[in-house]
Q: 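One structure is given below, represented as C-alpha cells, and several questions about it will come after.
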Amino acid sequence: TATATATATATTAAPVVGTTAVGTTPTATATISTSAQRLNLLRDFCARQWWPAKRDALLALCHAPEEEEQEEGTDSSTPHASPSTTPLYVYELEVARQRARQLREMRAVDRVYFAIKANPLPELLRVLHAEGVRFECVSVAELRHVLAVLGLSAAQAQAAQLLLFTPNFAPRHEYSQAYALGATVTCDGLHPLCRWPEVFSG
C-alpha cells in the first residue's frame with residue numbers, strides 16, 4: 001500500500017549525521033538542518049582558502065588572450081584575439097610558504113626536500129629555498145636548474161647540503177657531475193658501487 005511504501009522509504013533512508021536520537025527515523029526537519037550544516041561547513045572551508053578572495057584575478061587568467069607566434073612585420077603588443085583554452089595551474093606562493101613552514105616546524109622531520117620534477121617553477125623554488133627547504137633532483141639538468149635559479153655555486157650548495165641526487169639507472173658520468181655540482185648522491189642499487197667504486201671513493 002501507499003502507507004507501507006512511505007514507511008519503508010523513511011526507515012531505509014541513508015543515515016544522516018545530526019542530532020537525531022539513535023534508533024529514530026530522521027525527520028525532514030533533521031535532514032534540512034543537516035544539509036544546512038554541511039553548507040555552512042563548505043562555506044567556512046572556502047572562506048579559509050585563498051582563491052575566493054582572488055576570484056576576479058583567477059577568472060581574468062582563464063580568459064586572458066592567447067599569445068601567438070610573432071610574425072615578421074606584425075606588432076608584438078597585439079595579442080591573439082581568441083581566449084585561451086589551455087588549462088592553467090595557479091599557485092599561491094604565500095600558501096606554499098605557509099606549508100613549507102608547517103613542514104619545517106615538525107619535530108619528527110629533520111630535513112624537507114622538494115622534488116623538482118613536481119614543479120620547477122623558479123618563483124616557487126625561490127620561495128621554498130627562503131623557507132629552508134632543500135631540493136631532490138633526478139637528473140643533472142635539474143641540479144643545474146636549481147643552482148641557476150637560486151644563483152648559487154656548487155660549493156655553496158654543498159656547504160648547505162641543499163641538493164639530493166636520486167637517479168634511476170644513471171650512467172657513470174651523471175654521478176660524477178652530480179658530485180661536481182655539490183649534491184648528496186644516492187644509489188638505486190649496488191651496480192654503480194661495484195662497477196665504478198672510484199666515483200664514490202671518499
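Values in this document were obtained by computation on a predicted structure and should not be read as measured data.
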Q: Below 4.5 Å, heavy atoms only, C-beta onward: do Leu162 and His129 meet side chain to side chain?
A: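 Sidechains of His129 and Leu162: in contact.
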Q: Does atom CZ of Arg111 have more than 12 heavy-atom neighbours, drawn from other residues, nucleotides or ligands, at distances under 6.0 Å?
A: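 Enclosed: over 12 neighbouring heavy atoms sit under 6.0 Å from CZ of Arg111.
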Q: Verify, without hydrogens or angle tests, whether Glu105 (side chain) and Gln102 (backbone) share a donor-acceptor contact under 3.5 angstrom.
A: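 Not a single qualifying donor-acceptor pair exists.
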Q: Kindly compute the distance separating OG (Ser139) from CZ (Arg144), expressed to the nearest 0.5 Å.
A: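 Ser139 atom OG to Arg144 atom CZ measures 9.5 Å (nearest 0.5 Å).
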Q: Check the pair Lys117 / Glu136 against side chain to side chain contact (heavy atoms under 4.5 Å, CB included), numbers first and verdict last.
A: CA-CA 8 Å; Lys117 59 179 173 289; Glu136 181 258 339; 3.3 Å; yes
Q: Does Leu164 share a hydrophobic cluster with Val133, counting links as ILVMFWY side-chain heavy atoms below 4.5 Å and allowing steps through other members?
A: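 No; Val133 is not reachable from Leu164 via cluster members.
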Q: If hydrophobic clusters are built by linking Ile, Leu, Val, Met, Phe, Trp and Tyr wherever their side-chain heavy atoms come under 4.5 Å apart, do Tyr113 and Leu103 end up in the same one?
A: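 No, because Tyr113 and Leu103 fall into different hydrophobic clusters, even though each may have its own neighbours under 4.5 Å.
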Q: Side-chain heavy atoms under 4.5 angstrom apart, residues restricted to Ile, Leu, Val, Met, Phe, Trp, Tyr: same cluster for Val127 and Val95?
A: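 Different clusters.
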Q: State, to 0.1 Å, how close Ala170 and Tyr175 come at their nearest heavy-atom pair, and which atoms those are.
A: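 Taking Ala170 first and Tyr175 second, the nearest heavy atoms are O-CE1, 3.4 Å.
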Q: List the atom pairs, donor and acceptor, that lie under 3.5 Å between side-chain atoms in residues 193-201 and the rest of the protein, sequence neighbours left out.
A:
unit_1: Glu198; atom_1: OE2; unit_2: Arg172; atom_2: NH1; d: 3.0
unit_1: Glu198; atom_1: OE2; unit_2: Arg172; atom_2: NH2; d: 2.8

Q: Taking side chain as C-beta onward, heavy atoms only, is Leu163 less than 4.5 Å from Arg134?
A: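 They are not in contact (no side-chain heavy atoms under 4.5 Å apart), so the answer is no.
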Q: Report the residue from Leu147, Leu143, Leu150 that forms a side chain to side chain contact (heavy atoms under 4.5 Å, CB included) with Phe135.
A: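 Of the listed residues Leu147, Leu143, Leu150, the side chain to side chain contact (heavy atoms under 4.5 Å, CB included) partner of Phe135 is Leu150.
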Q: Minimum heavy-atom separation for Ala180 to Ala154, with atom names?
A: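 Ala180 and Ala154 have their closest heavy atoms at O-CB, 3.3 Å.
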Q: Return the set of residues passing side chain to side chain donor-acceptor pair (under 3.5 Å) with Asp188 (not counting sequence neighbours), or none when no residue passes.
A: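 Not a single residue meets the side chain to side chain donor-acceptor pair (under 3.5 Å) criterion with Asp188.
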Q: Sequence neighbours left out, what passes salt bridge (Lys or Arg N to Asp or Glu O under 4.0 Å) with Glu131? Give chain and number order.
A: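 Testing Glu131 for salt bridge (Lys or Arg N to Asp or Glu O under 4.0 Å), a comparison that skips the adjacent residues, returns Arg97, Arg101.
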Q: Val112, Val149: one ILVMFWY side-chain cluster at the under-4.5 Å cut-off?
A: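 Yes, it is one cluster - the side chains of Val112 and Val149 are joined through contacts under 4.5 Å.
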Q: Measure across Ala183 and Phe165 and return the closest heavy-atom pair with its distance rounded to 0.1 Å.
A: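 In terms of heavy atoms, the two residues are closest at CB-CB, 4.1 Å.
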Q: How close do His145 and Pro122 get, counting heavy atoms only, and between which atoms?
A: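 Residues His145 and Pro122, closest heavy atoms: CE1-CG, 4.5 Å.
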Q: Looking at side-chain heavy atoms only, is the closest gap between Val109 and Arg104 below 4.5 Å?
A: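 No; the side chains remain at least 4.5 Å from each other.
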Q: If I take atom CG from residue Leu124 and atom CD from residue Glu92, how far apart are they, to the nearest 0.5 angstrom?
A: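 Going from CG on Leu124 over to CD on Glu92, the span is 11.5 Å.
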Q: Supply the atom-to-atom distance Gln98 CD to Leu93 CG, rounded to the nearest 0.5 angstrom.
A: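 Going from the CD atom of Gln98 to the CG atom of Leu93 covers 11.5 Å.
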Q: Give a yes or no on whether Val146 and Leu121 share a hydrophobic cluster (residues Ile, Leu, Val, Met, Phe, Trp, Tyr; joining criterion: side-chain heavy atoms under 4.5 Å apart).
A: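 Same hydrophobic cluster.
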